[in-house]
Amino acid sequence: MLTRIVRTNAEKGHHVRNQTVKAAVLVAGALLLAACGTNKTEGGSNGGGTGSNAPQACDTSKGTLVVGVIAPLSGNLSALGLGIRNSVDLAVEQANEKCVVPGYKLKMQAEDDQATPQVGAQAATRLSSNPNVVGVVGTLNSSVAQSVQPILKGKNILQVSPANTTPSLTRGDDFKNAPKRQFETYFRVCATDDLQGGFAANYLVGKAGKKNIAIITDGKTYGEGLAAEFRKEAEKEGAKIVATAKVGENDSDFSGAINSIKGANPDAIYYGGEYPQAGPLSKQAKDLGLNVPLMGGDGLKDDKFIELGAKDGDLATSVGAPVEDLDTAKAYLDAYKAKKFKDDYSAYGGFAYDAANVVVVSLGKALAGGEWSDAKRADLIKAVQGYSAQGATGDVKFDQYGDSTNKLLTVYKVQGGKWATETTGTFGG
Amino acid sequence: MTATTAPVLAARDVSMVFGGLTALAEVSLELHEGQILGLIGPNGAGKTTFFNCLTGLYTPTKGSVTLRGDRLPSDPARVTVAGVARTFQNIRLFPSMTALENVLVGRHARMTQGPIASLFHGPAYRRGEADARRRSLELLEFVGLRGLDDELARNLPYGDQRRLEIARALATDPAVLLLDEPTAGMNPQETEAARQLIFAIRDTGVAVVVIEHDTKFIFSLCDHVSVLVQGRLLVQGTPEVVRGDPRVIEAYLGKPPEEVEAEVRQYAEEAAHSTGTAGTADPADSAEDLDTEGGSR
Amino acid sequence: MATLLQQLASGLVLGALIALIALGYTMVYGIIQLINFAHGEVFMVSIFAAAATYKWFIPESWENTWQIALPCMLVGAVLVAVVLAVLMERFAYRPLRNAPRLAPLITALGVSQMLKEIVRLNYPDAKSAINVPRAFIDEPIIITVPGGTVVLQATSVLLIAVSIVGAVILQLYVSRSRMGRAMRATAQDPDTAKLMGVNPNRTIVFTFALGGLLAAVAGVLYGIHLNTVDTEVGFLYGIFAFTAAVLGGVGSIKGAVIGGFIIGVVKTLGGQLLPGGTGYDVVWVFILLILVLVFRPQGLFGEPERVRA
Amino acid sequence: MTIPPGWPILGLGLLYIAIAVAVVLALRLLWQRSAKALADKPGMLRPIAIAGGVLAVLAALLPWVTFRFNDGPYPDLATLQFFDEPWGVTGFRLFVLLLGVVAIAAPFLPVPARRVERAIGLGLIALGLVNTIFPLISGGGFGAITAADGAFAFGGVATLVAGWVVATSAKAGPLEPLPHWNPKVPRLLAYAVLVVSYVVLLLVVAWMLDAGTDPDGNTNTYAGPIFLSLLSFLGAALGALHAFGFLGWLTALSERHRVFSIGVLVVCALALPFTDAGTDYWMTIAVNVGVYAATAIGLNIVVGLAGLLDLGYIAFLGIGAYIAANFSGAAASALHVELPFVLVAVIAAIVAGIFGAIVGSPTLRVRGDYLAIVTLAFGEIFRKAAQFNIGGMTGGANAIPNIPPINWFGRDFSAPLTIGSVRLPSGVLYYVLIMVLVALVMVIFANLKNSRIGRAWIAVREDEDAARAMGIKTGQVKILAFLIGAMLAGLAGAVFAHKTSTVAYNSFQFIESVTLLAAVILGGMGSIPGAVLGAALLLVLPEKLRDLQDWRLFFFGLALVVIMRFRPQGLMPDRHRRAELADEGADGVPIEELNVPDAPDGSTAQAVAR
């Protein structure tokens, strides 16, 4: 079709006149000249490499299959999104080297969702209209996941999220009392808000003995959900929520929020949000004379939290056992560093790596050397349901709702400008 | 001049005070059907302020303006609907609309199609639109812009823009037309054409009020002239009366009578030259009048 | 009581910052009636420039002496911001001076998107927030008031002082100096100003440069006060600053400063006292803005628009 | 004292910048010199154009990079080995070849050759830039296009030079007047031309959307540059067609046969799902384009016709979407009520309209840019209210997810559709629905614009005081503009909610309002096709630039700046605006445009065409 249109367009311009003949002769001459003049150099380089830099050749005769990624690659959440993309890239490349899916070469295709639902939907549709996409790792934001889930479900495409923490994504709105699986194509490797918030409350109220707690949230899905779950458990444990405040999601001056809770004399702050705000918030609270520990979820567990102003004594919960204790985690970190990515692996890199491994390993199992087709998607999902392995973030396994069964959580504390492990355990609910 | 009928437009004791500054003090005027009333006065005399009071742009601090006995509202849009149309001192056309569209906008007040009708373009709507279009084309022809209806207003020559503004004002079917310096910046030929146009408008039964700096133009045009000085009505009456009033000559014209006379004579000559038709007698006579008046002083 | 005073103080600090940025908006708007949406990004870039100066351009031995480090940061930020503002004027806005009124607005939005992305993609670690050093006296000032204490950072005091002094100097400059007269003349009627021997292009460039300078000063103060910056601050504070400029009456220097302070105080006190808490603090700012404009359409200190006839 | 690490980098950076500036200045000087030298030598056109064209043809056959890219067909054969088959050039090299051929041929044809050469020259430069810069970035530096591995890959450089030479040839003498073809042709011929043109347009659109997608559905790694190359080529082709007088003629034809061309256009739009672009993905984008286009047309009433700048318009779309979400029966909605979609759409439109009237009410007192900030404030208030779940209607931070798709007569709108043996992509029903909606909105806009109300809006835009003096109740008229505009946005919002299936507060940020405004301005204020084109461009362009990954938003900003720089009146300006801007040309357009005697009278080309 391409050539046809081009030719018709060009022909339109040609009114055959005497001069056209001249032009045609000239053109022909030019072409001939070009052909003759350069033919001599032919064969100067015979092929430009094999096109693959795999050290050991796997059988890739059956073609290429794609692992999709949907994450914010541009905009202000891109640090997290790029960490996810790079980690999936790493996992896919490792899978290629290890011939995890015999007969196929794997490829990563990352799509930007700009952290907005409708762009995420567009990204999901783009991936889902490609029959070679076997699974998608993503999204970062729960609100984007809501628009992506039904689209991928429509094509029966596997989705494994490294970072969605809203419980209702898997278990429905009444997730506590009447859990109901929402999408059988959807899994996640991270812990949900109800676990993390509850575990944080257990620690902060039960172990650290803070009874007057202020809650600050950033109004985003992650932060609000986490803080709500924290609050439920903290009040159950006997703590008093003495004040609440909200900050703008891109704010940097938190004096208004800090001053408004300062009068209530809290002995700890729980922050529902992420480190770019949490770091300065902690520092500004100290500056304004409110020198109490600030605690948050895995959105805070990043070295940049400390760099941005976290003070000693600040706390963060994170899923899984501490990284130092796991060989798989160390292997991941080393491999990531060896790849020399431009961007940091960020908070969800490890989860994304695990999620990608879930996809490729299950794929290898589901195919078992066979051919990929749409009919295999159900097998793939079955394989994921039965997946069990040690990942960079600990045990990766799924329950009947698609949630991670890895309920192990760790509290970290900032000490001497570094993260230190405070306690590890599970939250019973 | 005696009032033979009830006035169309009447201003009674109109005063306007801006933050302690009196711009108008108890100005009273009457305008009768078929009359052309001239309003003159030096800069800052309050002519435009008075105009704005008449058109509802300002609400007079004191006094009232009535149209055929009904008090005029203090909203320009409703004043226009009531039957008083105006032009502006510095032309205020809609520059990116065509001449025809400009006049059609003037027709707005006399059309009734609401948003629903505009949406569906039903038969009644189309009839109304066609009527408006016909009337607008008539008016364009009336002011001498025939064939220019598809031209953007901004692309018209200056004199045509003035005439288009008048056509737009006439499209509102006014009982009273207020012209704010209709000949400002015009050459003698254009001025004469404007004069003829205003006569023609008067002949259609519209009463006209004209503000002008150009006294000669006013004296040659109006049946009745009022002189505003420092917000007060100094003199009013026929051009002859006003022209002869020593206070006017002193306060407003501010120059010796001979000079005025010379100017008027020159104007008459130019006008005669430019048209070469009727109309020469009028200014010449006026000049003579002025001469005698001046002489008697 | 203490809480209210503390909120008031915080509001004034925020207001001072907004006021400094608003000055740039108001001057550019005053002279060419352009909502320079990219002004907020100039502010943002200057914070990054200050941070970069501190981190990479001054020797380590100077880093702990704020008397040296702060001026260095200021120089770096001002250089970058002024060059950026001038380039923007020259290559983005000047070609559009006679274009339809909204074309420069879209250009401004495009430019701000580009600036944001350039910084985000090229400045190390700028994909999320980065840290800016305090580079000033780090001892808080604690004032005892009935019912508690009010804590003020030294940087807060510096911010308020600089914004007020800066506005006064600017006001004097615009009303007294030759360039100031040229600016006012160009603002009122560029064609006539040209006839009077004023070079409108040079005056406009100068105005942009001055706006850039003020943005840079604001940027450095922001950096050392809040110690964090990300690429979104330009938009956020740009909106606040523009709101302040409009609230005070666009074109008025006094108005921009007072508008800035009002916004700062309303934001903090509104978050404290009004229903909805701190989440809705921005809403109160905007509601106030709407009310002011409805009842005083030209802003608090703007020239009332005369009814033309 | 050690030198801090920043200084050497800065020094290097400044050096690069200095070199770049020097090169640009030198080129500019050379350009001006040659332009001056050639100005009165029209005879030089042929030799220079031929030289440039031949060089372009050669360049197309030269290698472009020194190594083979990892995978994918970017320069399908990147090394020298392809000369077995000189006619087998494809992709962007085919474009270069074709442009080169036309550049050689043009001076011998009875066309305004200098205009054609200029368009081709610019197209060649764009092609060369895209396909040189991309390997530079992706291939790791200058090694990708200069000597390495023993091969010289100067195709890109040669194309740049060729483009420059061809563009220079256009400087030989003043540009010719634009040929004016008589649009008064027999009806049948006109219909045939229109049908063919629109079908070609449809195919070109489909081709552009599809560019960079492999036959098996995989997205090509090099889709970004492939698309940009196609864009450059189409730009040059359009420029040449315009120079030829064809585009002007086509426009005149379609204006003469308006009803017919609208009909053909609608049929073409509905035929899109049957082309290569008929994928789920492009259907989703097309529906979003439709939603934004309908909203942008609503905004066009407010901004384009009534001249009221609105910076918070996305709120109306949001209101419509939230209303629809609440009446959709979605589990998370507050009402748990499910109403038929048509009813919901009407409710959404009405509620949005009421809010529009409220937002518009300050216009009674507030004017100009002050109004802009008021509307911005309303937009932000709406977003905050949505984020904090005001009245329990918005789901707050958790949004309202899982909104069921529209379902008419048991047919699920998000499911694929099979007509006979043709399987249409899923979402195609939404596409049809939104196309009908956009067509409806366009009719509403057109009818209103050419009515008493529309004239009143334009009058208010042009001169509010004068409008009032003409008896227009400006307050009512302005609020009506907001009301109707907001209703259209609310209507679009109802579709948006169902199609996206989740309504979250962060879909309605300030940047979205900016996108809408940009759509209106890019397309041309007050112009109906303009708003649709603007919306399409602003949604499709970022999608096509997806493959630039991190840099896509940067390029988006750049595109806005560039379009405004060269076409401040928008791409398809309204007739009035077009005329208005033609007058302002004295300052608004590049110098070389000023010499163009565009007057249709007395030109030889006109005589030829007749």
Side-chain angles (χ1 to χ4, degrees), chain A residues 1-3 5-6 8-10 13-15 17 19-20 22-23 26-27 30-31 34-35 38-39 41-49 51 64 66 73-75 78 109-112 115-118 121-122 125-126 128-132 143 146-147 150 154 166 168 173 219-221 224-225, chain D residues 50 54 57-58 61 67-68 70-71 78-81 83-84 86 94 98 101-102 104-105 108-111 149-151 200 203-204 207 216-219 237 240 244 279-281 284-285 288 331-332 387-388 396-399 401-402 414 426 500-502 504 506-507 543 546 549-550 552-553:
Chain A
M1 188 178 87
L2 180 146
T3 30
I5 290 177
V6 170
T8 43
N9 269 359
H14 292 224
H15 288 264
R17 299 271 157 98
Q19 294 192 316
T20 333
K22 268 195 225 168
L26 269 169
V27 172
L31 289 177
T38 46
N39 251 346
T41 57
E42 187 210 335
S45 63
N46 209 357
T64 305
V66 178
L73 305 179
S74 62
S78 58
Q109 183 176 335
E111 299 293 348
D112 186 10
T116 39
Q118 80 269 32
Q122 284 166 207
T125 321
R126 186 176 196 204
S128 73
S129 44
N130 182 347
N132 295 323
S143 59
Q146 287 162 353
S147 73
T166 303
S168 61
D173 282 323
K220 292 201 282 189
T221 319
E224 293 290 340
Chain D
I50 291 168
V54 169
V57 170
L58 283 175
L61 301 171
F67 60 93
R68 184 183 278 270
N70 292 336
D71 55 359
T79 54
L80 299 179
Q81 58 189 330
F83 287 99
D84 311 323
L94 179 68
L98 286 172
V101 170
V102 178
I104 295 169
F108 298 95
L109 298 174
V111 293
D149 302 345
V200 169
L203 292 178
V204 167
W207 181 22
D216 62 352
N218 270 330
T219 304
F244 201 50
T279 62
D280 296 3
Y281 172 52
T284 301
I285 310 283
N288 283 343
Q387 185 177 4
F388 296 135
N398 287 322
N402 302 333
S414 63
S426 56
T500 311
S501 88
T502 175
N506 48 1
S507 294
E543 286 300 320
R546 252 179 199 286
Q549 303 237 342
D550 308 9
R552 65 194 277 237
L553 287 179

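Residue numbers begin at 1 in each chain, while the letters A, B, ... track the order of the sequences. These numbers come from the heavy atoms of this one structure, side chains and all, not from hydrogens, waters or symmetry mates.
- For the residue pair Thr500(D)/Gln118(A), the side-chain donor-acceptor check at 3.5 Å is not satisfied.
- Both the backbone and the side chain of Ser143(A) come within contact range of chain D, with heavy atoms under 4.5 Å apart.
- Contact of Asn288(D) with chain A is made through the side chain alone, with heavy-atom distances under 4.5 Å.
- Across all non-hydrogen atoms, the minimal contact from Phe388(D) to Gly219(A) is CE2-CA, 4.1 Å.
- Across all non-hydrogen atoms, the minimal contact from Thr502(D) to Pro117(A) is CG2-CB, 4.0 Å.
- Shown here are the side-chain contact (heavy atoms from CB on, under 4.5 Å) partners of Ser501(D), two or more places apart in sequence or in another chain: Pro150(A).
- Contact detail for Gln122(A) and Thr284(D): the closest heavy-atom pair is CG-CG2, 4.0 Å.
- Of all heavy-atom pairs spanning Thr116(A) and Asn506(D), the tightest one is CG2-O, 3.2 Å.
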